Engineer: 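Can you read through this structure? Questions will come right after.
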Amino acid sequence: MKNTPAALNEYQVVITNIKKLLKTQKISYRELAKQLSMSESGVKKIFVAKDGSFLRLKKICNVIGVSMSEMLQDTKSLDVFFSKKQQDAFLKNFILFKVYWMLVYERTSIVDAQKKLSLSYKDMFKFLRELDELKLLKLLPNDRLQLPPIQAVYWIGQGEFVNKIYKEWSRNLLESVSKPHPLQDESFVLRYLPMTPNTFKEFQLAIHSLEKEFIRRSIHEMRTESESVHHVRWMVVADNKSFTE
């Protein structure tokens with residue numbers, strides 16, 4: 001890649017994001033140097049340089065299990081469609097989906113996911129191999145994973161499993177927080193508002209705009225401050241009907 005001003009800026013973006021990722025994953029320059037077959041001082045020079053080889057950065061990304069595009073990606077949403085084979089596998093064994101969810105969406109480590117789900121080492125890697133075969137992640141040597149990039153995801157399409165998840169998770173969340181006085185770390189609002197059709201459309205657009213802004217912040221924080229993020233469940237429901245219908 002030619003080192004144009006734009007390219008130099010991208011180089012710095014990648015360097016900055018890799019540094020933050022190394023810190024959150026607790027990977028030292030010495031450990032990284034060993035994986036790259038380089039000296040520790042050589043690795044340090046890469047991270048203090050104002051520009052350099054994108055090929056070298058790509059090798060570093062491969063070692064820590066991320067892609068170059070992930071280090072540069074914006075927060076545009078990705079439409080995800082689960083194939084019938086994938087949905088059938090999740091329906092057959094819901095623990096398989098929990099493993100997938102924790103690793104891909106929550107970015108939980110293999111060890112922590114194994115502990116939280118009370119799985120043996122053998123069972124955990126059986127699930128990882130199955131997810132690899134389903135092309136939902138890639139199992140690499142030395143117990144490393146190549147996961148899809150961190151970005152906003154929308155599940156689309158029909159299917160028994162996706163429909164089941166939408167219904168069950170929506171019902172569970174609603175039952176958990178739907179009370180007149182929610183707890184301090186919860187939010188629940190129930191309203192009835194007469195609106196013209198135009199105002200209702202503007203209301204929906206405003207909600208969509210708010211969602212996009214906080215999705216942007218969330219993706220940035222997951223990429224750069226993964227140790228500080230907390231789980232947040234969010235559901236927005238609105239239609240143009242009366243409560244008495």
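Because only heavy atoms are used, hydrogens play no part in the values below, and waters and symmetry mates are left out as well, while side chains stay in. On a predicted model such as this, the values are computed, not experimentally measured, just so you know.
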Engineer: Please examine the side chains of Leu119 and Ile95, heavy atoms only from C-beta on, and report whether any two atoms are closer than 4.5 Å.
Structural biologist: yes
Engineer: Is there a side-chain contact between Phe188 and Lys179 (heavy atoms, below 4.5 Å)?
Structural biologist: no
Engineer: Taking only residues two or more places apart in sequence or in another chain, which ones pass side chain to side chain donor-acceptor pair (under 3.5 Å) with Ser109?
Structural biologist: Asp112
Engineer: Under a single-linkage rule joining Ile, Leu, Val, Met, Phe, Trp and Tyr whose side-chain heavy atoms are separated by less than 4.5 Å, which residues share a cluster with Phe203?
Structural biologist: Leu193, Met195, Phe200, Ile207, Trp234, Val236
Engineer: Just grab all the ring-ring contact (aromatic ring centres under 6.0 Å, His included) pairs involving residues 119-145, residues at least two apart or on different chains.
Structural biologist: Tyr121-Phe125
Engineer: Run Val99 and Gln114 through side-chain contact (heavy atoms from CB on, under 4.5 Å) and show every step you take.
Structural biologist: CA-CA 8 Å; Val99 172; Gln114 181 182 337; over 6 Å; no
Engineer: Excluding sequence neighbours, so at least two apart, what forms side chain to side chain donor-acceptor pair (under 3.5 Å) with Glu168?
Structural biologist: Lys164
Engineer: Kindly compute the distance separating OG (Ser39) from OH (Tyr29), expressed to the nearest 0.5 Å.
Structural biologist: 13.5 Å
Engineer: Taking Phe47's backbone N and O only, do any of them form a donor-acceptor pair with Lys19's side chain (distance below 3.5 Å, no angle check)?
Structural biologist: yes
Engineer: Please round to the nearest 0.5 Å and tell me the distance separating atom CE of Met102 and atom NZ of Lys98.
Structural biologist: 9.0 Å
Engineer: Which atoms form the tightest heavy-atom contact between Ser228 and His230, and what is the distance?
Structural biologist: O-CD2, 3.4 Å
Engineer: What verdict does the side-chain contact (heavy atoms from CB on, under 4.5 Å) test give for Leu140 and Lys138, after you've listed the backbone C-alpha separation in whole Å, the side-chain angles of each residue and the deciding distance to 0.1 Å?
Structural biologist: CA-CA 6 Å; Leu140 303 173; Lys138 189 172 182 180; 4.0 Å; yes
Engineer: Between Ser209 (side chain) and Leu205 (backbone), is there a donor-acceptor pair under 3.5 Å?
Structural biologist: no
Engineer: Applying side chain to side chain contact (heavy atoms under 4.5 Å, CB included), name anything that partners Leu145, two or more places apart in sequence or on another chain.
Structural biologist: Leu103, Ile110, Leu128, Leu137, Leu139, Leu147
Engineer: Look at the rings of Trp169 and Phe97 and say which category their plane angle falls in: under 30° parallel, 30 to 60° tilted, over 60° perpendicular.
Structural biologist: tilted
Engineer: Any chance you could measure Gln146, atom CD, to Asp132, atom CG, to the nearest 0.5 Å?
Structural biologist: 10.0 Å
Engineer: Test side-chain contact (heavy atoms from CB on, under 4.5 Å) on Ser187 and Val177 and set out the steps.
Structural biologist: CA-CA 7 Å; Ser187 177; Val177 301; over 6 Å; no
Engineer: Near Glu245 CD, under 6.0 Å, is it more than 12 heavy atoms from other residues, nucleotides or ligands?
Structural biologist: yes
Engineer: Could you state whether Phe243 and Val237 fall into the same hydrophobic cluster, counting links through intermediate Ile, Leu, Val, Met, Phe, Trp or Tyr residues with side-chain heavy atoms under 4.5 angstrom apart?
Structural biologist: yes
Engineer: Count the heavy atoms of every other residue, nucleotide or ligand shown that sit under 6.0 Å from CD of Glu213, and state whether that count exceeds 12.
Structural biologist: yes
Engineer: Excluding sequence neighbours, so at least two apart, what forms side chain to side chain donor-acceptor pair (under 3.5 Å) with Thr199?
Structural biologist: Thr196
Engineer: How are the rings of Phe161 and Phe82 set to each other: parallel, tilted or perpendicular (split at 30° and 60°)?
Structural biologist: perpendicular
Engineer: Transitively linked via ILVMFWY side-chain contacts under 4.5 Å: Leu173 with Ile165?
Structural biologist: no
Engineer: Not counting sequence neighbours, which residues clear side chain to side chain contact (heavy atoms under 4.5 Å, CB included) with Ser176? List them please.
Structural biologist: Glu186, Arg233
Engineer: Quick one, Ile60 with Val43, criterion side-chain contact (heavy atoms from CB on, under 4.5 Å). Give me CA distance, side-chain angles, the key distance, then yes/no.
Structural biologist: CA-CA 10 Å; Ile60 293 174; Val43 168; 5.7 Å; no
Engineer: Could you tell me if the side chain of Leu136 sits less than 4.5 Å from the side chain of Val104, heavy atoms only?
Structural biologist: no
Engineer: Can you hop from Met124 to Phe94 via hydrophobic side chains spaced under 4.5 Å?
Structural biologist: yes
Engineer: Test: salt bridge (charged side-chain N to carboxylate O under 4.0 Å, His left out). Region: residues 81-95. Which pairs qualify, not counting sequence neighbours?
Structural biologist: Lys84-Asp88
Engineer: How many angstroms lie between NE2 in His231 and CG in Asp185, if you round to the nearest 0.5 Å?
Structural biologist: 13.0 Å
Engineer: Could you tell me which residues satisfy side chain to side chain donor-acceptor pair (under 3.5 Å) with Asp123, sequence neighbours excluded, listed by chain and number?
Structural biologist: Ser120
Engineer: Could you state whether Leu190 and Leu174 fall into the same hydrophobic cluster, counting links through intermediate Ile, Leu, Val, Met, Phe, Trp or Tyr residues with side-chain heavy atoms under 4.5 angstrom apart?
Structural biologist: yes
Engineer: Are the side chain of Gln86 and the backbone N or O of Leu134 linked by a donor-acceptor pair below 3.5 Å?
Structural biologist: yes
Engineer: With rounding to the nearest 0.5 Å, note down the distance linking NZ in Lys34 to CD1 in Ile27.
Structural biologist: 13.5 Å
Engineer: Using a 6.0 Å cut-off, check whether atom CZ of Arg144 has over 12 heavy atoms from anything other than its own residue.
Structural biologist: yes
Engineer: Is there a side-chain contact between Lys58 and Asn62 in this structure, where contact means two heavy atoms from C-beta onward sitting under 4.5 Å apart?
Structural biologist: yes
Engineer: How long is the gap from CG on Leu32 to CE on Met38, to the nearest 0.5 Å?
Structural biologist: 8.5 Å
Engineer: Test of understanding: with salt bridge (Lys or Arg N to Asp or Glu O under 4.0 Å), list the residues that count as partners of Lys45, not counting sequence neighbours.
Structural biologist: none
Engineer: Let me check something: do Tyr100 and Tyr166 share a hydrophobic cluster, defined by ILVMFWY side-chain heavy atoms less than 4.5 Å apart, either directly or through other members?
Structural biologist: yes
Engineer: With a 3.5 Å distance limit and no angle check, can you tell me whether Thr108 reaches the backbone of Ala113 through a side-chain donor-acceptor pair?
Structural biologist: no
Engineer: Which residues pass the side chain to side chain contact (heavy atoms under 4.5 Å, CB included) test with Val229, sequence neighbours left out?
Structural biologist: Glu221
Engineer: Between the side chain of Gln87 and the main-chain N/O of Val162, is any donor-acceptor distance below 3.5 Å?
Structural biologist: yes
Engineer: Could you pull out all residues at least two apart from Phe81 that satisfy ring pair (Phe, Tyr, Trp, His ring centres under 6.0 Å)?
Structural biologist: none
